[in-house]
Amino acid sequence: MKRRNSRQDAIREIVRGKTVRTQRGLVDELQAMGYACTQATVSRDIADMGLRKLPEGVYVLAEDLHLQRMLSEFVVCVLRAENLVVVKCQPGTASGVAAAVDDAALAHALGSVAGNDTVLVVADTTENAKSLQNLIQKLGNAE
């Protein structure tokens with residue numbers, strides 16, 4: 001049971017951090033992290049975790065679907081400065097986008113502040129801010 005939970009935590013990290021389109025790709029990423037598993041095992045994990053595929057063919061966590069919907073509909077662009085991620089949104093939508101970011105409980109996101117058309121997400125480190133920027137861009141199909 002411990003290995004399964006650990007492997008599923010690794011899958012969460014991979015899906016949030018990288019663009020994964022196939023089960024084989026997920027198996028390869030897990031093996032690179034030191035997990036010996038088969039495609040059948042990963043297939044069961046995908047079902048257990050409720051992973052979904054976006055229309056673009058990319059796996060996303062079930063808990064990130066609301067975030068993905070908000071980001072893809074309202075985000076214009078995503079920028080980064082040091083440990084700060086700036087999310088530019090359609091006018092009047094920033095508070096909803098910030099709430100979705102907060103609800104997703106993204107790793108390394110300390111919190112967010114919203115204005116009218118801008119969300120500021122504070123990351124714990126500059127490196128983790130880059131990962132958050134990439135995730136927000138991936139989920140929102142933004143620049």
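All heavy atoms count here, side chains included; hydrogens, waters and symmetry mates do not. Owing to the predicted nature of the structure, the values given are computational and were not obtained by experimental measurement.
With contacts defined as side-chain heavy-atom distances shorter than 4.5 Å, the pair V15/D64 does not qualify. Residues E73 and T93 are not in side-chain contact: their nearest non-hydrogen atoms beyond the backbone lie 4.5 Å or more apart. No side-chain heavy atom of H108 sits under 4.5 Å from any side-chain heavy atom of E127. Considering only heavy atoms from C-beta on, L61 comes within 4.5 Å of L51 through its side chain. Here the side chains of V97 and L71 are in contact, with some heavy-atom distance below 4.5 Å. No side-chain heavy atom of K138 sits under 4.5 Å from any side-chain heavy atom of N134. A heavy-atom distance below 4.5 Å is not found between the side chains of L67 and D103. At least one side-chain heavy atom of N116 sits less than 4.5 Å from a side-chain heavy atom of P91.
There is no path of hydrophobic side-chain contacts, each under 4.5 Å, that joins I14 to L106. Hydrophobic clustering of Ile, Leu, Val, Met, Phe, Trp and Tyr side chains at less than 4.5 Å, counting indirect connections, keeps V101 apart from V113. In the hydrophobic clustering of this structure, V60 groups with V75; members are Ile, Leu, Val, Met, Phe, Trp, Tyr whose side-chain heavy atoms approach within less than 4.5 Å, directly or through other members. Under the 4.5 Å side-chain heavy-atom criterion for grouping Ile, Leu, Val, Met, Phe, Trp and Tyr, L54 is not connected to L26 through any hydrophobic cluster. Taken together through direct or relayed side-chain contacts under 4.5 Å among Ile, Leu, Val, Met, Phe, Trp and Tyr, V58 and L65 form parts of separate hydrophobic clusters.
Of all non-hydrogen atoms in R69 and S72, the two that sit nearest each other are O-OG, 3.2 Å. In terms of heavy-atom proximity, S112 sits nearest to V119 at CB-CG1, 4.1 Å. Counting all heavy atoms, side chain and backbone alike, I46 lies closest to Q23 at CD1-CG, 3.6 Å. Shown here for A129 and V85, the closest heavy-atom pair between the two residues is O-CG2, 3.5 Å. Here the closest non-hydrogen pair linking Q68 and L139 is CG-O, 3.3 Å. Residues A62 and G50 come closest through the heavy atom pair CB-O, 3.3 Å.
Here the CG atom belonging to L84 is positioned 11.5 Å from the CD atom belonging to Q133, to the nearest 0.5 angstrom.
Every residue two or more places apart in sequence or in another chain was checked for a salt bridge (Lys or Arg N to Asp or Glu O under 4.0 Å) with D124, and none qualifies.
Checking side-chain atoms of K88 against main-chain N and O of D117 turns up no donor-acceptor pair under 3.5 Å. Looking only at distances, no side-chain donor or acceptor of R4 sits under 3.5 Å from a matching main-chain atom of D45.
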Contacts table for residues 28-35: side-chain donor-acceptor under 3.5 angstrom, sequence neighbours left out:
from : atom 1 : to  : atom 2 : distance (Å)
D28  : OD1    : R24 : NE     : 3.3
D28  : OD1    : R24 : NH2    : 3.2
E29  : OE1    : K18 : NZ     : 2.8
Q31  : NE2    : C37 : O      : 3.3
Y35  : OH     : S6  : O      : 3.3
Y35  : OH     : S6  : OG     : 2.7

Begin with the C-alpha distance, continue with both residues' side-chain angles, and end with the deciding distance and a verdict on side-chain contact (heavy atoms from CB on, under 4.5 Å) for T19 and R21.
CA-CA 7 Å; T19 299; R21 296 180 185 278; 4.2 Å; yes

